[in-house]
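Residue numbers start from 1 in every chain, and the chains themselves are labelled A, B, ... in the order their sequence lines are given, proteins ahead of strands.
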Protein chains: 2
Amino acid sequence: MSEIKYTYFDAKAAGEAIRLLMKYGCIDFIDNRISFEDWPKVKSTMPYRQVPILEIDGKMAHQSTAIARYFAKRVKLVGNNAWEDMEIDAVVDTINDFTSKIQACFYEQDAAVKESRKGPLFEDTIPFYIGKFEELAKNNNGYLALGKLTWADFCFVGIVDYLNKLTETNLIADCPNLKKVIENVTSIPSIKAWTIVRPKTDL
Amino acid sequence: MSEIKYTYFDAKAAGEAIRLLMKYGCIDFIDNRISFEDWPKVKSTMPYRQVPILEIDGKMAHQSTAIARYFAKRVKLVGNNAWEDMEIDAVVDTINDFTSKIQACFYEQDAAVKESRKGPLFEDTIPFYIGKFEELAKNNNGYLALGKLTWADFCFVGIVDYLNKLTETNLIADCPNLKKVIENVTSIPSIKAWTIVRPKTDL
């Protein structure tokens, strides 16, 4: 068996979907967590100044979505053909777009600019995207693509707590179908076990 | 034969890689171009307020990278296994990160904020990323991944003119290996023919 070392922040955020996919497939991994305090001195040692990083048998990979898709293939949560794969990929990229728009507001250093972005974010961007995701979940019977469990659901479930924390809201409070997406992922025994034992983190 | 309708701006930008991939595979498509003047009234009719949009046999898809990957599979410019696919995906996502960082500066509406971003962008971000891409191109013999032609090369070639235009520089002026990447793609007969006949656009 190859040893898998997975390096990310001591956080869920953009790195948890990959942990969930490995847990789903009962793939053992070293859960290497970097504290936010250590990050400034570690950052320059990362090949692209970013985490996550995946290491298997001396080979290294980076980019969260690329790594998630790799494990999705290994655990068979992808589509049955190129078109189906594209449908999943489009949902994942839209989750990433939504995340970027929230981050662009809350990680803005200029206080006045940050404040000015909150209006459009809360009045337009968030309702628009959450409405789209809720519609997808409704049309796909509690999943986000193909009417069945795919790695897009893991990407959503992996990031939603972090997005709630950043926005200090419950983004899916009024979304019964997105709640089903979360239930459909977190009720899987290996995922449920992980959510109990995983380190409790702020983000 | 299925009719393919591809809708994007009348621009290369984030949509040209897909056109190049279709041209590479001699896949006919309706090249539906939206002018920037028309965009404000068309935007709300797009499923996610974005282009590109792909339509085949009444089915619709969105998200530029997802669509590019779909055609990459059709024209066989992907990897031979999940790890190789991840290597390509990581390069593509890094090109997208680089593009986003440039856009975050040049599309900033607040003039003072925009100006303040130019320093870090030109002194750090651009040299860092271009250095990384040049290193990849060197290590992969004039390609960006796997030491051979993949759709990552098409993504780079598709976007570089647009990034040069935004930054008003020639990003690869001092990069002999990235020039080889461009040569390796644009010298393919079907691509060369397309670059001659395609509409001349500002972006």
Select one option (side chain, backbone, both, neither) describing which atoms of [X] are under 4.5 Å from chain B's heavy atoms.
| X | result |
| --- | --- |
| A:Ile88 | neither |
| A:Asn96 | neither |
| A:Glu108 | side chain |
| A:Ser64 | neither |

Around atom [atom1] of [X], are there more than 12 heavy atoms of other residues, nucleotides or ligands at under 6.0 Å?
| X | atom1 | answer |
| --- | --- | --- |
| A:Asp174 | CG | no |
| B:Lys114 | NZ | yes |
| A:Asn170 | CG | yes |
| A:Lys148 | NZ | yes |

Proximal component of B:Ser116, with respect to chain A [non-hydrogen, under 4.5 Å]: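 Neither; nothing under 4.5 Å.
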Chain B contacts, top residue of A:Trp83, A:Phe71, A:Tyr129 (heavy-atom pairs, under 4.5 Å):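 That would be A:Trp83.
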Best-contacting candidate, A:Thr65, A:Asp97, A:Val113, against chain B by heavy atom pairs under 4.5 angstrom: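 Highest number of pairs under 4.5 Å: A:Asp97.
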From B:Asp110 CG over to A:Asp110 CG, what is the distance, rounded to the nearest 0.5 angstrom?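 Spacing of CG (B:Asp110) from CG (A:Asp110) equals 7.0 Å.
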Euclidean distance, A:Gln63 CD relative to B:Met86 CE, rounded to 0.5 Å: 11.5 Å
Which word best sums up how the rings of A:Tyr48 and B:Phe128 line up, parallel for under 30°, tilted for 30 to 60°, or perpendicular for over 60°? perpendicular
Below 4.5 Å, heavy atoms only, C-beta onward: do A:Asp93 and B:His62 meet side chain to side chain?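 No; the side chains remain at least 4.5 Å from each other.
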Any carboxylate oxygen within less than 4.0 angstrom of a Lys/Arg side-chain nitrogen, looking at B:Asp124 and A:Arg49? yes
Is the closest basic N to carboxylate O distance between A:Asp85 and B:Arg69 below 4.0 Å? no
Contact summary for A:Ala66 and B:Ala90, nearest pair of heavy atoms: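 In this case the closest contact between A:Ala66 and B:Ala90 is CB-N, 3.8 Å.
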Under a 4.5 Å heavy-atom cutoff, which of B:Lys59, B:Glu87, B:Lys73 has the most pairs with chain A?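 Result: the option with the highest number of such pairs is B:Lys59.
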Strictly distance-based, threshold 3.5 Å: is any side-chain N or O of A:Lys132 a donor or acceptor partner for the main-chain N or O of B:Pro47?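 Looks like yes, one N/O pair under 3.5 Å.
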